[in-house]
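Before any comments, here is the structure.
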Number of protein chains: 2
Amino acid sequence: MAEGSKRHVRKIPEATVNRLPIYLRSLLEAAGDGLPTISSERLAELSGFNAAKVRKDLSYLGSYGTRGVGYDVEYLVFQMSRELGLTKEWHVVIAGLGNLGHALANYGGFTERGFPVAALVDADPKVVGTEINGLEVRHIDELEAIAGSHQIAIGIIATPAAAAQEVADRMIAAGVSSILNFAPTIVTVPPEVSLRKVDLAVELQILSFYQQRRGAEAGAALPPEATVAPPAG
Amino acid sequence: MAEGSKRHVRKIPEATVNRLPIYLRSLLEAAGDGLPTISSERLAELSGFNAAKVRKDLSYLGSYGTRGVGYDVEYLVFQMSRELGLTKEWHVVIAGLGNLGHALANYGGFTERGFPVAALVDADPKVVGTEINGLEVRHIDELEAIAGSHQIAIGIIATPAAAAQEVADRMIAAGVSSILNFAPTIVTVPPEVSLRKVDLAVELQILSFYQQRRGAEAGAALPPEATVAPPAG
DNA sequence: CTTTGTGAACGGATTCACAGCT
DNA sequence: AGCTGTGAATCCGTTCACAAAG
């Protein structure tokens, strides 16, 4: 590293990192209600975890609480936003403007939360050139040029599964180092790139597992030919 | 339970359950390529895990492999589909037909994978009565009647955060016992109901954490007034 | 007396490494 | 010889329980 700007880079466990955004949301809610401080107990209720976990998680950020009192809401919001990198905006590119990509492009919540959608790309000539939410859809071949000039940090893949890996590779070549993949397929990235995935079919199948375990009666039988027969052996 | 159809109800760890849909997808891919058998090594590559984990996971389903050979692809697909409850269809209701709900309702992939969208509900009188993908949007007050007559097992919440808990409560009252929540808020459900959540802003914030850690340079600075100041103390 | 911060105990998930079967 | 299946070891995350601080 070039200079020792941080004395101690705290190592925050992955499981904790995954909960920080939920804490932040709860804290913003508490701040909106005008609460000056909040206890781990109360924060746990708001975020759906338990108090011990909250305290342990917050302790990784530093000793920001006051014993006998709780945590200063505004201060904790500040520290957590800083830790999450939310003090700057991260520009986003969405690749693939089918059903889902279109909905994501129209969703105002991203910009509002510090993730402005700076570019849209697609491979389909019928989609390229159309305008969505005030932004023109560009051809995916322009990705590298666009990413460079727009300082794009995060890529969202909303393409069909077959295109996902190539799109990811192109994004990475264009300097994108965080990817959120909605395509129902495995995408592999080098270790210096972060990847998260959201797969709706997977979520439904997980629910299906427990639903079935419960022996729940709702649901219609599939026609027999829709199921796969075991092999002869 | 009515009869002892399963001698031993195997306890499959949650972490394993979460991976089963990925294995299934990889197996279907292998089956499509005409492979009769697959090794744990190869399945691991296709699903993005490692061979030891694959073997341990599959061992919870039963000893379906053949030493020296691998796993019979078709047979494993069959067993896994059964375990996941995918031999019947699970009817789905989508609540909230804004941007995201609309996109989900138009998405054909659900029906295709055994989760037909059987009903759409919303509270907004401007949306109620419109038709999406051949399905009329009904008023949420009709939820109980609809869920009963359509044998609906799974509810998808795509409403604004403020409405999510009430919608979940109504779904549960109507007999829905699996819920997928897209609203950016905590929803609590009784223990006999399964809940999974997908939160886009949370995913982006997690990516932001690692992006920032990396000291990545992409991204524009927010105006100073958009950040929160620490308290005077 | 209240609530944090944290070592220590616990439990679950992952990985290792090899015995067992084909 | 090749690959699965699984105890044993290890790693990581959660919970407990209490000393420290206000």
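Proteins get letters first, then strands, A, B, ... in listed order; numbering begins at 1 in each. Values reported hereafter were calculated over all heavy atoms of this structure, with side chains retained and with hydrogens, waters and symmetry mates removed.
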Mapping A:Lys56 and A:Gly68 to their closest nucleotides on DNA chain D, which lands nearer the 5' end? A:Lys56

Go through A:Leu204 and B:Trp90 one step at a time and tell me if the side-chain contact (heavy atoms from CB on, under 4.5 Å) criterion holds. CA-CA 9 Å; A:Leu204 291 177; B:Trp90 299 106; over 6 Å; no

With a 3.5 Å cut-off and no angle check, do the side chains of B:Glu192 and B:Ser177 form a donor-acceptor pair? no

A:Tyr23 atom OH is separated from C:dT4 atom P, nearest whole Å, by 12 Å

With hydrogens left out and only the distance checked, is there a donor-acceptor pair under 3.5 Å joining B:Arg67's side chain and the base of D:dT4? yes

Are any of A:Ser39's side-chain N or O atoms less than 4.0 Å away from OP1 or OP2 of C:dT3? no

Measure OH/A:Tyr64 against C1'/C:dG5 and give the value in whole Å, please. 14 Å

What nucleic acid atoms does B:Phe49 come within less than 4.0 Å of, heavy atoms only: base, sugar-phosphate, or nothing? nothing

Hey, does the side chain of B:Arg19 come within less than 4.0 Å of C:dT14's phosphate (OP1/OP2), counting only N and O? yes

Could you give the distance from CD1 (B:Ile156) to CZ (B:Phe110), rounded to the nearest 0.5 Å? 4.5 Å

Protein-nucleotide distance (A:Arg55, atom CZ; D:dA19, atom P), rounded to Å: 15 Å

Charged N-O contact under 4.0 Å between A:Arg25 and A:Glu29: no

Side-chain N or O of A:Tyr71 versus OP1/OP2 of C:dG5: is the shortest distance under 4.0 Å? yes

Euclidean distance, atom OH of residue B:Tyr60 to atom C1' of D:dT6 [Å, nearest integer]: 10 Å

Apply side-chain hydrogen bond (donor to acceptor under 3.5 Å, both in side chains) to residues B:Gln165 and B:Asp169 and explain how you reach the verdict. CA-CA 6 Å; B:Gln165 182 65 58; B:Asp169 293 344; 2.9 Å; yes

So, is A:Ser40 close to the C:dT4 phosphate, meaning a side-chain N or O under 4.0 Å from OP1 or OP2? yes

To the nearest angstrom, the CG-P distance between B:Asp72 and D:dT4 comes to 13 Å

Just how far, in rounded Å, is P of D:dT6 from NZ of B:Lys53? 19 Å

Roughly how many Å is it from CG in B:Leu58 to P in C:dT14, rounded to a whole number? 14 Å

Taking atom P of C:dA13 as reference, at what distance in whole Å does atom CD of A:Glu14 sit? 15 Å

Just to confirm, is there a sub-4.0 Å distance from OP1 or OP2 of D:dT14 to any side-chain nitrogen or oxygen of A:Asn50? no

